[in-house]
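Input: a single structure, listed below in structure tokens.
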Amino acid sequence: MSKIFQSVKGTKDILPDETPRWRVLEQTVHDFMNRWGYKEIRTPVFEQTDLFVRSVGKDSDVVSKQMYTFLDHGKTSLTLKPELTAPVIRAYIQYNIALSGGVTKLYYIDSLFRQERPQKGRLRQFQQFGIEAIGSPHPEQDAEVITAAYRLLQELGIRTMTLKLNNIGNKSSRVRYRDVLIEFLSDHLDRLSKTSQERIKTNPLRILDTKNPEEQTILEKAPHILDFLDEDDRKHYDEVLTYLDQLGVPYEQDHQLVRGLDYYTRTTFEIISPKLGAQDALCGGGRYDDLVEDLGGKPTPAIGFAAGIERILLAMDEKNMDSLEPAPRIYLAAASESARSTIFKLGIDLRNAGLFVDFDILYRSLKSQLREANRLNCVSAIIIGEDELIEGVAQVKDLQSGEQTPVDLDTIADYFLP
RNA sequence: GUGGGCGUAGCUCAGCAGGUUAGAGCACCUGGUUGUGGCCCAGGAGGUCGUGGGUUCAAGUCCCAUCGCUCACCCCA
């Protein structure tokens with residue numbers, strides 16, 4: 001007896017009855033991006049580990065405990081990508097994509113990997129689609145990206161969702177806020193969780209999005225980051241809000257929305273769905289005006305988002321998913337052993353002629369073959385047996401009405417072709 | 001890494017306080033139609049009750065361990 005293998009914990013097979021939903025979703029994304037002027041980019045599944053350490057941040061959870069890292073040839077440290085912005089920006093810099101001028105608008109649909117305990121809406125290998133708009137610092141760009149996320153989710157059939165929005169300022173305003181926050185939290189140190197106490201040193205802002213009720217009550221009195229924005233940040237934020245109002249995109253301001261990746265500046269946002277469990281973010285993103293430079297490129301502002309496909313599929317209200325249902329088929333059935341090879345060759349020929357046909361390859365009884373035809377939802381069956389071989393005809397049976405008509409074998413393709 | 005729930009047929013599940021050959025529905029196969037599907041009827045195949053150990057005259061049922069799944073914490077899509 002041999003071991004039965006299972007898919008690895010946190011990974012999922014997408015079985016044939018689910019793939020149509022995926023294909024509809026992917027097609028919708030491609031069409032949408034095309035309309036909005038974003039070009040597809042595909043990057044390798046792994047990158048040098050350092051790319052993520054330097055972009056996402058070494059104290060982030062993603063880098064500190066969730067990466068699938070291995071040594072290539074025993075020396076180079078590589079990592080299965082745990083997020084997609086850094087690789088895209090890496091490629092952007094590497095190929096000087098900026099040289100083609102203007103704002104570089106890229107999108108992707110891709111797998112990523114994080115070593116976490118799986119739960120509803122969270123897998124170790126999961127898929128996202130997302131966009132990166134590189135080159136413009138202006139609020140219109142923020143509004144475009146956020147609106148794109150919102151509208152695309154709507155187009156995918158998400159009915160109820162909440163867009164949460166914040167501005168975490170530029171580097172220097174954030175440092176000012178950071179200090180004040182640390183001071184505030186220090187007064188409540190004993191009531192903070194262990195991780196939060198740790199985080200005061202590493203990344204105090206992250207304490208803001210805790211779910212711990214005790215910490216939440218403390219934070220109610222904490223200073224707001226919005227009060228520490230400088231004039232430019234403030235103006236930028238207000239203009240983004242104004243544009244969203246004008247575009248009819250509903251949002252909620254959430255001054256505690258911080259997000260776990262270190263590269264964000266100014267605008268951060270998240271779209272959550274009530275149909276999910278604890279992991280309710282369908283989409284998250286924000287501006288990252290320093291990342292391109294941090295990764296060795298010229299100083300270039302940018303903003304993007306990423307959305308979790310598995311989560312969207314969970315949150316989606318069932319809609320027109322039948323658009324990719326298999327087209328009607330013709331089933332070829334052998335009524336005698338002698339007809340089998342004729343059926344087989346004819347079947348392949350008809351496929352070559354462009355018809356959608358199937359036939360038995362298990363030497364099953366005629367009865368089983370017709371049952372199969374029915375199961376496959378075939379429109380008609382072509383039945384050939386001893387008599388038909390002699391006469392050079394096939395019985396074409398309409399599976400709806402049950403009517404049967406003899407058709408010349410030589411002309412059978414024409415009979416079905418329009 | 002921590003905690004809760006669950007593991008019985010391909011699927012969804014039942015199995016009363018432990019008691020003889022472990023059930024249902026759907027799916028599957030065969031026959032009713034000696035070459036013709038769907039509906040109906042009759043029959044059939046399919047389970048070492050996740051795995052290992054223990055308690056007991058007797059374990060799917062109780063206990064322990066282990067593996068797996070799942071939800072939640074942490075964090076994120």
Side-chain angles (χ1 to χ4, degrees), chain A residues 1 3-10 12 15 17 56 59-66 82-85 109-130 149 153 193-196 198-199 203 206-207 209-213 215 257-261 270-273 276-285 305-315 331 333-339 360 362 364-389 395-404:
Chain A
M1 43 189 206
K3 175 186 174 181
I4 294 174
F5 286 99
Q6 280 194 326
S7 56
V8 172
K9 183 199 275 287
K12 252 180 83 178
L15 300 175
D17 50 332
V56 177
D59 294 319
S60 66
D61 279 40
V62 168
V63 169
S64 61
K65 51 186 188 195
Q66 297 174 355
E83 71 96 48
L84 298 167
T85 298
I109 301 178
D110 206 350
S111 280
L112 38 170
F113 308 84
R114 289 182 199 170
Q115 213 169 145
E116 300 178 87
R117 203 58 154 250
Q119 72 188 76
K120 185 177 177 135
R122 178 156 74 196
L123 295 166
R124 288 185 171 176
Q125 174 178 357
F126 58 105
Q127 307 201 32
Q128 295 185 338
F129 61 79
L153 288 177
S193 68
K194 225 167 128 190
T195 46
S196 290
E198 194 56 38
R199 214 159 260 156
N203 196 341
R206 294 279 306 290
I207 299 173
D209 58 17
T210 177
K211 278 185 197 158
N212 181 321
E215 296 187 336
L257 178 68
V258 176
R259 308 191 46 74
L261 311 179
E270 205 168 276
I271 297 176
I272 61 173
S273 162
L276 265 43
Q279 311 307 322
D280 59 357
L282 291 174
C283 164
F305 75 76
I309 296 181
E310 286 85 353
R311 288 188 187 176
I312 290 170
L313 258 12
L314 285 175
Y331 197 89
S336 67
E337 276 187 41
S338 55
D360 172 73
L362 284 172
R364 283 189 286 194
S365 66
L366 180 59
K367 187 176 185 154
S368 310
Q369 293 178 66
L370 287 171
R371 200 181 321 211
E372 179 74 4
N374 196 59
R375 226 191 325 256
L376 294 171
N377 256 317
C378 293
V379 184
S380 23
I382 298 176
I383 302 166
I384 301 175
E386 204 70 58
D387 301 346
E388 286 77 12
L389 285 178
Q395 300 295 334
V396 173
K397 178 168 186 162
D398 183 319
L399 290 174
Q400 206 95 52
S401 64
E403 279 172 39
Q404 218 164 276

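Sequence lines set the chain letters: A, B, ... in the order given, protein chains first and strands last, and positions in each chain run from 1.
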Quick one: label [X] by what it contacts on the DNA or RNA (base, sugar-phosphate, nothing), any heavy atom closer than 4.0 Å.
| X | value |
| --- | --- |
| A/Ala373 | nothing |
| A/Leu123 | base |
| A/Gln6 | sugar-phosphate |

For [N] and [M], measure between their [atom1] atoms and round to the nearest Å.
| N | M | atom1 | result |
| --- | --- | --- | --- |
| B/rC62 | B/rC16 | C1' | 16 Å |
| B/rG31 | B/rU8 | P | 33 Å |
| B/rG18 | B/rG1 | P | 36 Å |
| B/rG7 | B/rC63 | P | 13 Å |
| B/rG15 | B/rA77 | C1' | 41 Å |
| B/rG47 | B/rC74 | P | 45 Å |
| B/rG53 | B/rC11 | C1' | 32 Å |
| B/rC49 | B/rC6 | C1' | 14 Å |

Are [X] and [Y] close enough that some pair of their side-chain heavy atoms sits under 4.5 Å apart?
| X | Y | answer |
| --- | --- | --- |
| A/Arg124 | A/Lys9 | yes |
| A/Glu310 | A/Gln127 | yes |
| A/Ile271 | A/Phe305 | no |
| A/Glu83 | A/Arg114 | yes |
| A/Ile309 | A/Phe126 | no |
| A/Leu389 | A/Ser338 | yes |
| A/Asn374 | A/Tyr331 | no |

Separation of atom [atom1] in [X] from atom [atom2] in [N], rounded to whole Å:
| X | N | atom1 | atom2 | value |
| --- | --- | --- | --- | --- |
| A/Arg124 | B/rA77 | CZ | P | 17 Å |
| A/Gln66 | B/rC73 | CD | C1' | 14 Å |
| A/Asp59 | B/rC74 | CG | C1' | 16 Å |
| A/Lys9 | B/rU70 | NZ | P | 8 Å |
| A/Ile272 | B/rA77 | CD1 | C1' | 13 Å |
| A/Glu116 | B/rC71 | CD | C1' | 15 Å |
| A/Glu337 | B/rU34 | CD | P | 18 Å |
| A/Asp280 | B/rC74 | CG | C1' | 15 Å |

Checklist entry - Are OP1 or OP2 of B/rA72 and a side-chain N or O of A/Gln119 less than 4.0 angstrom apart? => result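 Indeed, a polar side-chain atom of A/Gln119 lies that close.
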Checklist entry - Under 4.0 Å between a side-chain N/O of A/Gln279 and OP1 or OP2 of B/rC73, yes or no? => result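 It does, given that an N or O in the side chain of A/Gln279 lies less than 4.0 Å from OP1 or OP2 of B/rC73.
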Item to check | Nearest non-hydrogen partners of A/Leu276 and A/Ala315, listed with the distance | outcome: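 Looks like CD1-CB, 3.6 Å.
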Checklist entry - Okay, side chain of A/Arg311, backbone of A/Leu282: is any donor-acceptor separation there less than 3.5 Å? => result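 No; zero donor-acceptor contacts below 3.5 Å.
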Strictly under 3.5 Å: I want the nitrogen or oxygen pairs between protein and nucleotides 36-42 of chain B, one per line.
from	atom 1	to	atom 2	distance (Å)
B/rU36	O2'	A/Lys397	NZ	3.0
B/rU36	O2	A/Lys397	NZ	2.6
B/rU36	O2	A/Gln404	OE1	3.1
B/rU36	N3	A/Gln404	OE1	2.7
B/rU36	N3	A/Gln404	NE2	3.3
B/rU36	O4	A/Gln404	NE2	2.9
B/rG37	N7	A/Lys397	NZ	3.4
B/rG37	N1	A/Leu399	O	2.4
B/rG37	N2	A/Asn374	OD1	2.9
B/rG37	N2	A/Leu399	O	2.5
B/rG37	N3	A/Asn374	OD1	3.3
B/rG38	O4'	A/Asn374	ND2	2.9
B/rG38	N2	A/Leu399	O	3.4
B/rG38	N2	A/Gln400	O	3.3

Checklist entry - Which stems does RNA chain B form, counting runs of 3 or more consecutive Watson-Crick or G-U wobble pairs with both distances under 3.5 Å? => result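 When the pairs of RNA chain B are grouped into runs of at least three, the stems are B:1-7 with B:67-73, B:10-13 with B:23-26, B:28-32 with B:40-44, B:50-54 with B:62-66.
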Item to check | Charged N-O contact under 4.0 Å between A/Arg206 and A/Asp59 | outcome: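 Looking at A/Asp59 together with A/Arg206, the answer is no, because their closest N to O distance does not fall below 4.0 Å.
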Checklist entry - Looking at B/rC74, does its base get a donor-acceptor pair with the side chain of A/Arg117 below 3.5 Å? => result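 Looking at the base of B/rC74, it does not pair with any donor or acceptor on the side chain of A/Arg117 (distance under 3.5 Å).
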Item to check | Residue met sooner reading RNA chain B from 5', once A/Ala333 and A/Arg364 are mapped to nucleotides | outcome: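 Nearest-nucleotide comparison on RNA chain B picks A/Arg364.
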Item to check | Residue whose nearest RNA chain B nucleotide is more 5′ - A/Gly284 or A/Ser365 | outcome: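 The 5'-side residue here is A/Ser365.
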Item to check | Contacts of A/Glu388 that satisfy salt bridge (charged side-chain N to carboxylate O under 4.0 Å, His left out) - sequence neighbours left out | outcome: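 Once residues adjacent in sequence are excluded, A/Glu388 has no partner under the salt bridge (charged side-chain N to carboxylate O under 4.0 Å, His left out) criterion.
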